[in-house]
Structures are given as structure tokens and as C-alpha cells.
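Notes for the one structure printed next.
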Amino acid sequence: MQAPLLTTMMTALHHLASHSHQAMDAATLVSNSQSGVKSDYANQSASNGVSLTGSGSDPIMVQLESREAALVALGNLAGMLAGEHVSKPTQGNKLLQYLPKSQLLEEPGVAEQFLATASRLLEFAVGSGNHGAPDALHQGAVDGLWPFAEGTFITQLLSNGGSSATAVAEVASFYHLLLAGLPQFSGAAQQSNSILNALAFGCKIQQSLWRWCAMTMGLPLEAPREATRGWDVATLRAGMQGLDPDHAPKLGLFCRLYAHTLLVLDDNDFYERQDMFTLAQQRGIATALNALVFRTYCPASSGEALI
């Protein structure tokens, strides 16, 4: 699929997910000459609760019929952007499968539009309400999210999703919602673990996210040895209640990834190689999180001096 057609389709779905329970006339977004959007997308989604109707010069109508359908749309969009796995031989005549870089995601504006659309679809999919018993559509919708568990895919979203700080924030917000919402769908545990592994070890979002938290929230990017005990952080004096609602999901995702990482790193990785974070950065993280927990339960009074 060509990038302009994909971008137009994402705009349509973005609008639709923002106006739930409505069918959207996409004629104002998709010209008659671009009816290929319907044929490319409907082949994958028409039987999955995402309806695109219209032919010839008729307007293209897009409709989401359920939360599972929104998840299907999300997975199909991601799959079209990501492409397919390829195999290459390794020693011992084994084949290694990997996901190459997507040319579509390198097109200007595509990654940004995808992040905006994906966020809307995900908000629609994990909105309030209980989900029924899992069925073929349900499981297929979860399985279709495989691109989000690929380090290559995440790296391209970070590289092409706008300015560095904006991309980190947008990707982090999306993945925070994705990991929080997946438990609503039965059979999603394996997908959640794969996504966590890709975020923690398949890309550099964890390091970029800590830098974002430090620069945006006023947390210590690094800390000296003397900060191992008793150093308070001014911006965390009110604990969790004092966090900006827009900042909390980013810090929450970082904490989840950091906890996942610590389960895997050994002493050599942590103290000697320092591949993930330097020891100075580890002290900064420990200082900030310690202050956050302490001040959540013991908020500083207005006249209390910082240590």
C-alpha cells in the first residue's frame, strides 16, 4: 500500500475511533481516485467487524462494530506498516527470523499519523465495559498486535514519530495504555510479555524515557554517591498526588520496564558493563523513585526544608 493511501485511511479511522458508535462518511477524506484504500483494507478487515462499503464513485463508509474490531483495525494497520518477517540462515543450518525496517515508516509524517490513529483505536478498544468470552475474532485481534512486540518497529516509531522528545512521549503513552488494557482481553498474557521484552531489551526507549522524565519532570538524570540516602527531590514533594496527569503514564511505563529489566540483569550487567544505565544514572533513578514512594505516604509540609 502506498503511503498517501495509508495516511488517508489512518485519518479516517482516527476520526471514527474518536466518535464511537458512528459510521463515518469518508468521502471528504478519500477521493474517488483513491478507492484502492477500500480494496486494500477491506480484504483484511471486512469480516472482522471493520466495515468499509461503497464502490465506484460511491462514498466509502467506515464503521467499527465492536472493541475487538478496533483492535483488529489497529493490528491490521500495524501489520501493513511493519511488513513481514524475513529469514536468514545462521550457523548450524538454522533460520533466524527478523523484521526488517519498514520503508513506509520512513515516509514523512506516516509514523506520527500512525501513533495518533493507534492511540485513538486503542482508547476505543480498551474503553470501559466488560468483554465477552473469547472467540476467533477476539484471539485474532490479540494475535494481530505482534508488530508492537518488535524492537525494529518500536525503534522506527521513536525515530520517525516527530521530534525526539515528542516521539518518546507519544510512544510511551501508547504503550502504557496498551499494557494496561491488554489484560481485558483473555489470552493476551503472552503478548504482554513479548511487548515488555521488546520495550526493555529490543530498543532504547527505556533510556530515552528516563531522560524525558528527568528533563520534563525535574528528576535527577544522575546522582552522586552521596545521594544514596536521604536526598529529597523537589518536584516529588507531594508524591503521586503531585504528578502531572500527563506525566504519570510515562513514569509508570518506565517503572514497569525498569522492574522487568532488573529481573534479567545480573551483577556484571548492572555494575560492570552498565549497558542499560551508568551507575550514576542508576543512583538518580533510585533517588527519584525512593523519594516518590516516601513522599506519596509522607508528603512534605509547605514549610519543610529539603534535605
Side-chain angles (χ1 to χ4, degrees), residues 1 6 9-10 13 17 40-50 64 66-88 94-106 110-111 113-126 131 134-161 170-206 253 256-257 260:
M1 178 178 285
L6 184 61
M9 183 176 64
M10 288 193 291
L13 286 171
D40 283 348
Y41 189 68
N43 289 338
Q44 300 184 54
S45 301
S47 62
N48 293 330
V50 184
L64 296 176
S66 67
R67 293 191 178 102
E68 284 80 5
L71 215 60
V72 168
L74 175 59
N76 282 345
L77 281 176
M80 283 187 281
L81 278 174
E84 297 181 351
H85 287 96
V86 298
S87 301
K88 68 176 181 180
K94 294 182 178 180
L95 290 178
L96 173 66
Q97 278 201 331
Y98 70 97
L99 184 68
K101 290 180 66 174
S102 165
Q103 293 302 314
L104 281 173
L105 279 176
E106 297 297 315
V110 171
Q113 180 65 49
F114 172 72
L115 282 170
T117 303
S119 296
R120 288 298 186 184
L121 287 170
L122 186 59
E123 288 168 4
F124 182 92
V126 302
H131 297 269
D135 53 19
L137 172 59
H138 181 110
Q139 190 58 51
V142 172
D143 292 343
L145 300 178
W146 66 266
F148 296 107
E150 294 286 343
T152 303
F153 190 75
I154 302 169
T155 298
Q156 284 195 272
L157 291 180
L158 290 169
S159 300
N160 302 300
E170 292 298 323
V171 173
S173 292
F174 173 82
Y175 272 96
H176 175 270
L177 181 60
L178 180 61
L179 289 169
L182 274 179
Q184 296 183 26
F185 296 87
S186 300
Q190 182 60 45
Q191 195 70 276
S192 294
N193 289 334
S194 298
I195 290 171
L196 273 175
N197 285 330
L199 289 169
F201 306 110
C203 64
K204 298 292 185 181
I205 190 175
Q206 190 171 185
L253 178 65
R256 187 164 186 174
L257 296 180
H260 186 73

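For the pair C203 and T155, the tightest heavy-atom approach, listed with the atom from each and the gap, is CB-OG1, 3.5 Å. Scanning both residues, G181 and V126, for their nearest heavy atoms gives CA-CG1, 3.7 Å. A125 approaches F185 most closely through the heavy-atom pair O-CZ, 3.6 Å. Here the closest non-hydrogen pair linking V86 and P100 is CG2-CD, 4.0 Å. The minimum heavy-atom distance linking I205 with L199 is given by the pair CG2-O, 3.5 Å. Considering all non-hydrogen atoms of both residues, W146 and A82 come closest at CH2-CB, 4.1 Å.
The ring pair (Phe, Tyr, Trp, His ring centres under 6.0 Å) check on Y175 picks up nothing, with sequence neighbours excluded. Partners of Q103 by side chain to side chain contact (heavy atoms under 4.5 Å, CB included), not counting sequence neighbours: none found. Under the salt bridge (Lys or Arg N to Asp or Glu O under 4.0 Å) criterion, K101 pairs with E106, not counting sequence neighbours. With sequence neighbours excluded, the residues forming a side chain to side chain contact (heavy atoms under 4.5 Å, CB included) with Q97 are H85, S87, listed by chain and number. Residues satisfying the side-chain hydrogen bond (donor to acceptor under 3.5 Å, both in side chains) criterion with Q191, sequence neighbours excluded, are absent altogether. For the side-chain hydrogen bond (donor to acceptor under 3.5 Å, both in side chains) test, residues two or more places apart in sequence or in another chain that qualify with D143 are Q139. Partners of S173 according to the side chain to side chain contact (heavy atoms under 4.5 Å, CB included) rule, which considers only residues two or more places apart in sequence or in another chain, are K250. Applying the side chain to side chain contact (heavy atoms under 4.5 Å, CB included) rule to F201 yields the partners N197, H260, T261, V264, M276; only residues at least two apart in sequence or on another chain are considered.
A distance-only check finds a donor-acceptor pair linking the side chain of Q156 to the backbone of S102 [under 3.5 Å].
T152 places none of its side-chain heavy atoms less than 4.5 Å from the side chain of Y98. With contacts defined as side-chain heavy-atom distances shorter than 4.5 Å, the pair L177/E123 qualifies. Counting heavy atoms from C-beta outward, I195 and L145 have side chains that stay 4.5 Å or more apart.
Put simply, the residue from L157, L122, L253 that forms a side chain to side chain contact (heavy atoms under 4.5 Å, CB included) with F174 is L122. Shown are L77, N160, L104; of these, the side chain to side chain contact (heavy atoms under 4.5 Å, CB included) with F114 is made only by L77.
Here L158 contributes atom CG and K204 contributes atom NZ; the two are 12.0 Å apart, rounded to the nearest 0.5 Å. Interatomic distance, CD of E170 versus CG of L115, reported as 6.5 Å (0.5 Å rounding).
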Side chain to side chain contact (heavy atoms under 4.5 Å, CB included) between L74 and F148: does it pass, once the steps are laid out? CA-CA 10 Å; L74 175 59; F148 296 107; 3.7 Å; yes
